[in-house]
Amino acid sequence: KKEMKGDVVTKRMWKDTLKINLDKYDAIGFDADYTLVRYDIHAHQRFILNLFAQAMIDDYNYPKELKNISDEEQNFPAQGLYMDLSTGCVLKLGPHKKVLRAYYGFSRLCEQELEQIYGNPAQVKQFRGNIMHGSNNGLKYNVPLTCFESTYIVLFSKVVEF
């Protein structure tokens, strides 16, 4: 057999799989790691934020201003952060549960504010690793793990601002 290289292999591998009739599907999901489709993550996050905000306005009577999310707010550094659901703070944690940075809404807290909330040294007490993921089970923290879930932090911070 003759060995195939580069584009030839790719074209043969995907030749039949890319013929998809979308009329046969009720819904299309997004993959979190761009395996199947490349898309504009900024536009996708904006779409998610608008959907969540509208649901909160319609279902829970939040003010309509919740949908007014600026580009600066949307670009809030959300990856690798934790939401403290009891204080409204968004946290960046370091080794030994140390609070490296904290935000209330979109405002960064100073050292004195950190110590007032989390003690001296500023540290979370009930942290149990990624077991905390999910807010519906009575846990104090929520840890968004994907770029799509990171939109939760933006909306959480926006709600705290009200």
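Nothing fancy with the numbering, it's 1 onward along the sequence.
Checked against the 6.0 Å centroid criterion, the rings of Tyr62 and Phe162 do not qualify as a close aromatic pair.
Closest of all the heavy-atom pairs between Ala53 and Lys67 is CB-CG, 3.7 Å.
In terms of modelled atom types and a separation under 3.5 Å, the side chain of Glu115 and the main chain of Gln112 share no donor-acceptor contact. For the pair Lys98 (side chain) and Val124 (backbone), a donor-acceptor distance under 3.5 Å is absent. Side chain of Gln123 to backbone of His96: a donor-acceptor contact under 3.5 angstrom is found. Using a distance-only test at 3.5 Å, with no hydrogens or angles considered, no donor-acceptor pair links the side chain of Gln54 to the main chain of Leu51.
Rounded to the nearest 0.5 Å, atoms CD1 (Ile48) and OG1 (Thr151) are 4.5 Å apart. Taken to the nearest 0.5 Å, the CD1 atom of Ile117 stands 5.0 Å off from the CG atom of Leu109. A distance of 9.0 Å separates CD in Glu113 from SG in Cys89, rounded to the nearest 0.5 Å. A distance of 11.0 Å separates CD of Glu161 from CG of Leu66, quoted to the nearest 0.5 Å. Once rounded to the nearest 0.5 Å, the distance linking CG of Leu155 with CZ of Phe52 reads 8.0 Å. Between the CG atom of Asp84 and the OH atom of Tyr103 there is a distance of 15.5 Å, given to the nearest 0.5 Å.
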Discussion item. Could you go through Tyr118 and Leu91, starting from their C-alpha distance and side-chain angles, then the distance that decides it, and tell me whether this counts as side chain to side chain contact (heavy atoms under 4.5 Å, CB included)?
Written reply: CA-CA 11 Å; Tyr118 296 103; Leu91 309 172; 3.5 Å; yes
Discussion item. Please determine whether side chain to side chain contact (heavy atoms under 4.5 Å, CB included) holds for the pair Val90 and Tyr82, giving the CA-CA distance in whole Å, both sets of side-chain angles, and the decisive distance to 0.1 Å.
Written reply: CA-CA 6 Å; Val90 173; Tyr82 299 76; over 6 Å; no
Item to complete: Start with the C-alpha gap between Phe76 and Ile153, add the side-chain angles, then the distance that decides, and say whether side chain to side chain contact (heavy atoms under 4.5 Å, CB included) holds.
Response: CA-CA 8 Å; Phe76 184 69; Ile153 287 184; 3.9 Å; yes
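Annotation: side chain to side chain contact (heavy atoms under 4.5 Å, CB included) contacts of Gln74 (sequence neighbours excluded): His42, Gln45, Arg46, Leu49, Ile69, Asp71.
Tyr104 and Ser157 share no side-chain donor-acceptor pair at under 3.5 Å.
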